[in-house]
Amino acid sequence: MSFISARVSTRLVAAFLALGLAGCQSVDLSRNDLAAGLSAQSKAPVFQVGNGEIVPVRAGSAIVVDADSGKVLFSDDPDGLRHPASLSKLLTLYLLFEAIEAKRVTLDTDLVVSTHAASRPPSKLGLRPGSTIKVRDAMYALAVKSANDVATVVAENLADGSEEAFARRMNMTAREIGMRRSNFVTPSGLPDDLQISTARDMAVLALQIRKRFPGFVPLFSTESFDYAGRHYVSTNKLLGRVPGVDGMKTGFVNASGFNLVASARRNGRGVIVVVIGGQTGRARDMRVEQLIDTYLGPAT
């Protein structure tokens, strides 16, 4: 039995059910499409572990891209290496969406919780070793609660019990979709010197999710959900407060500062905004809101 009850609009629920549950049809986004948009504009070298590049602590970076064309509208050190923190869970979800599409799992598949997964530090659901969580509930736990234990559960169940093998899949997929300066070690984004990405790469990932898996996009608009008798509220405080904002994911570790990938649409236009390295959650949110207003116009 699933214990989930998510607060989303009737329109979004209908879209999720029609597109996400009925076969999980995807839209292909070829490398040519990517080359015509974000990735072609980066002149930074492909990141390689051990190449001596420094990842600064809590340094700011940002990018704004047109959600329909991929055109870069604004950037501030978009290729500078940063720690993505829980923005990493966007790629974990991407790989879970792929597994659903390929019918390796269904939304009702039970994922087994290992002792290692249960031991992950907060943020978490507090799953117990030997218990199970359904794929549908795991998706909400990642997108809304940003649960680290669930990230490891997903990784281990999709990669034969190995978080390391899942990380290799993350890196392979990242390169395939045009994330040239990223390296992933964990599915959660918990602190690791080699968990690395950039504002540009996160924008590429956000675009790819929205274009390849439109049926799952409403997941990122969820403001809260209930699981096993507990109520969880989204870490994205712009949802329901800033007009037009419809996703996607927050992140924080001490070395990164406060991060946010946000999507918004007003007056028929959409943007993806990535801000990394906010000194506080409030400062990050204000910066994202300012960029949305600048490139979509004030809310009416």
Side-chain angles (χ1 to χ4, degrees), residues 1-8 16 20-21 24 83-100 102-170 184-192 195 216 218-237 239 248-254 256 259:
M1 175 180 179
S2 172
F3 295 92
I4 196 155
S5 173
R7 283 181 52 209
V8 290
F16 185 40
L21 304 185
C24 303
H83 296 297
S86 284
L87 301 186
S88 307
K89 294 184 178 83
L90 289 172
L91 186 53
T92 298
L93 280 163
Y94 184 95
L95 290 173
L96 182 55
F97 298 159
E98 280 195 331
I100 295 169
K103 300 188 179 353
R104 295 194 298 274
V105 297
T106 71
L107 295 177
D108 290 316
T109 295
D110 288 319
L111 305 176
V112 180
V113 181
S114 71
T115 300
H116 174 63
S119 72
R120 296 301 82 201
S123 175
K124 62 194 295 183
L125 291 187
L127 301 173
R128 287 180 287 188
S131 65
T132 62
I133 182 171
K134 292 190 180 298
V135 165
R136 69 173 72 244
D137 294 342
M139 292 193 306
Y140 282 100
L142 292 175
V144 180
K145 171 62 175 172
S146 196
N148 294 322
D149 51 355
V150 176
T152 295
V153 168
V154 169
E156 291 179 339
N157 280 264
L158 293 186
D160 299 322
S162 171
E163 230 181 7
E164 292 78 12
F166 188 80
R168 289 193 292 272
R169 290 189 189 180
M170 293 176 77
F184 297 93
V185 180
T186 75
S188 60
L190 283 167
D192 191 293
Q195 190 89 0
F216 289 119
L219 172 70
F220 300 101
S221 301
T222 308
E223 295 181 32
S224 67
F225 78 104
D226 297 324
Y227 180 78
R230 293 188 177 184
H231 185 69
Y232 299 98
V233 177
S234 175
T235 58
N236 184 354
K237 304 308 180 186
L239 286 172
M248 296 186 62
K249 187 75 188 71
T250 63
F252 170 81
V253 293
N254 284 328
S256 72
N259 306 338

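Everything numeric here is computed off the predicted structure, so don't read it as measured data.
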Gap between atom OG1 of T132 and atom CG of N157 - 0.5 Å precision: 9.5 Å
Contact summary for A143 and K249, nearest pair of heavy atoms: O-CD, 4.1 Å
Exercise: identify the closest heavy-atom pair between E156 and E163: CG-N, 4.4 Å
Plane angle bin for F220 and F97 - parallel if under 30°, tilted between 30 and 60°, otherwise perpendicular: perpendicular
Closest approach of N259 to P84 (non-hydrogen atoms, all atoms of both residues): ND2-O, 3.2 Å
Side chain to side chain, N236 and M248, heavy atoms closer than 4.5 Å: no
CA sep, side-chain torsions, deciding dist, call: V150, K124, side-chain contact (heavy atoms from CB on, under 4.5 Å): CA-CA 7 Å; V150 176; K124 62 194 295 183; over 6 Å; no
Interatomic spacing from NZ in K145 to OG1 in T222 - rounded to 0.5 Å: 15.0 Å
Side-chain donor-acceptor pair present, S234, E223, cut-off under 3.5 Å: no
Heavy-atom closest contact (A85 atom, G251 atom, distance): CB-C, 3.9 Å
Shortest non-hydrogen contact between R169 and A159, atoms and distance: NH2-CA, 4.0 Å
Check: N148 side chain, P122 main-chain N or O, donor-acceptor pair, under 3.5 Å: yes
Derivation of the side-chain contact (heavy atoms from CB on, under 4.5 Å) call for V135 and L111: CA-CA 7 Å; V135 165; L111 305 176; 3.9 Å; yes
Residue pair L96 / L158: nearest heavy atoms and the distance that separates them: CA-CD1, 3.9 Å
Test item: M170 and T92 side chains (from C-beta on) under 4.5 Å apart, heavy atoms: yes
Test item: D137 side-chain N/O and I133 main-chain N/O as donor-acceptor pair under 3.5 Å: no
Residues V113, D149; criterion side-chain contact (heavy atoms from CB on, under 4.5 Å); working and verdict: CA-CA 8 Å; V113 181; D149 51 355; over 6 Å; no
Side chain proximity check, T186 to F166, heavy atoms < 4.5 angstrom: no
Separation between OH of Y227 and CG of L127, rounded to the nearest 0.5 Å: 5.5 Å
S146 versus S86, side-chain donor and acceptor atoms under 3.5 Å: yes
Atom pair CE/NZ of M139 and K134 - distance to nearest 0.5 Å: 12.5 Å
Side-chain donor/acceptor of Q195 to backbone N/O of H83, under 3.5 Å: no
Approximate separation, where rounding is to 0.5 Å, of F252 CZ and S123 OG: 13.0 Å
Student check: side-chain heavy atoms of D192 and F184 closer than 4.5 Å: no
Check: V253 and L190 side chains under 4.5 Å, non-hydrogen atoms: no
CG on L93 to CG on L142, rounded to 0.5 Å: 4.5 Å
Note, V153 side chain near V112 side chain (heavy atom, < 4.5 Å): no
